[in-house]
Amino acid sequence: QKEVEQNSGPLSVPEGAIASLNCTYSDRGSQSFFWYRQYSGKSPELIMSIYSNGDKEDGRFTAQLNKASQYVSLLIRDSQPSDSATYLCAGNFGNEKLTFGTGTRLTIIP
Amino acid sequence: ETGVTQSPTHLIKTRGQQVTLRCSSQSGHNTVSWYQQALGQGPQFIFQYYREEENGRGNFPPRFSGLQFPNYSSELNVNALELDDSALYLCASSTSGGRETQYFGPGTRLLVL
């Protein structure tokens, strides 16, 4: 059973709109979560980390964590063409490794 | 830039050969984790080195091996290469045995023919 699941998309959003990316997980161990952005042919780049229930905002990005429902989301406000990339959700469930979802491909339409 | 470096950037090998990939961690970080990312997939954990010791291993065969040096740089070795080993190999640098945020290097693209 996959521990972290994402909708692979593709997800298309008009420029200036809000992009909403979702991730669910199955492990109930100690949890911290990370959103990485990956441009084609490049390595993952950290966007946000979130450790406790609720919202965490950083500029145009907001991460949301709901441990009771076991989901994590990333909202991107005022989407820009440069936000077009694959977004990877990763969880650390109390051990040494990150467990990744398969990623959601996001395209911002000008 | 994360300050994590990897070499080489690209590599072409044939089946059965051996390969060594290198990673230099970010200053102040004592942990290096290695991941394999196949096309269209999320990174898969290979293993982690913390203070020069292996600190966890994913579901990869023993022909995947590694080590970490006193300066916390690391190597990933793969013996008897198979076609399915073609992937992007990522190293991630962190502190505290990987429980904190992991920062990725640029990756090594390996093609096995």
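We name chains A, B, ... by the order of the sequence lines, and we start the count at 1 in each one.
- Of residues 43-54 of chain A, those residues lying under 4.5 Å from chain B by any heavy-atom pair are A:Ser43, A:Pro44, A:Leu46, A:Ser49, A:Tyr51.
- With no hydrogens or angles considered, no side-chain donor-acceptor pair links A:Thr24 and A:Glu5 at under 3.5 Å.
- In this structure, A:Arg60 pairs ionically with A:Asp83, as a charged nitrogen and a carboxylate oxygen lie closer than 4.0 Å.
- Between the side chains of A:Asn22 and A:Ser73, no donor-acceptor pair is found at a separation under 3.5 Å.
- Dense packing is recorded around NZ of A:Lys56, with more than 12 heavy atoms of other residues, nucleotides or ligands lying under 6.0 Å away.
- For chain A, no part of B:Phe47 is nearby; none of its heavy atoms comes within less than 4.5 Å.
- Comparing B:Gly105, B:Pro43, B:Gly58 by how many heavy-atom pairs each has under 4.5 Å with chain A, the most go to B:Pro43.
- Heavy-atom neighbours of B:Asn71 CG from other residues, nucleotides or ligands within 6.0 Å: above the threshold of 12.
- For chain A, no part of B:Gln6 is nearby; none of its heavy atoms comes within less than 4.5 Å.
- A donor-acceptor pair shorter than 3.5 Å cannot be found between the side chains of B:Asn55 and B:Glu53.
- Within 6.0 Å of the CZ atom in B:Arg57, the count of heavy atoms belonging to other residues, nucleotides or ligands exceeds 12.
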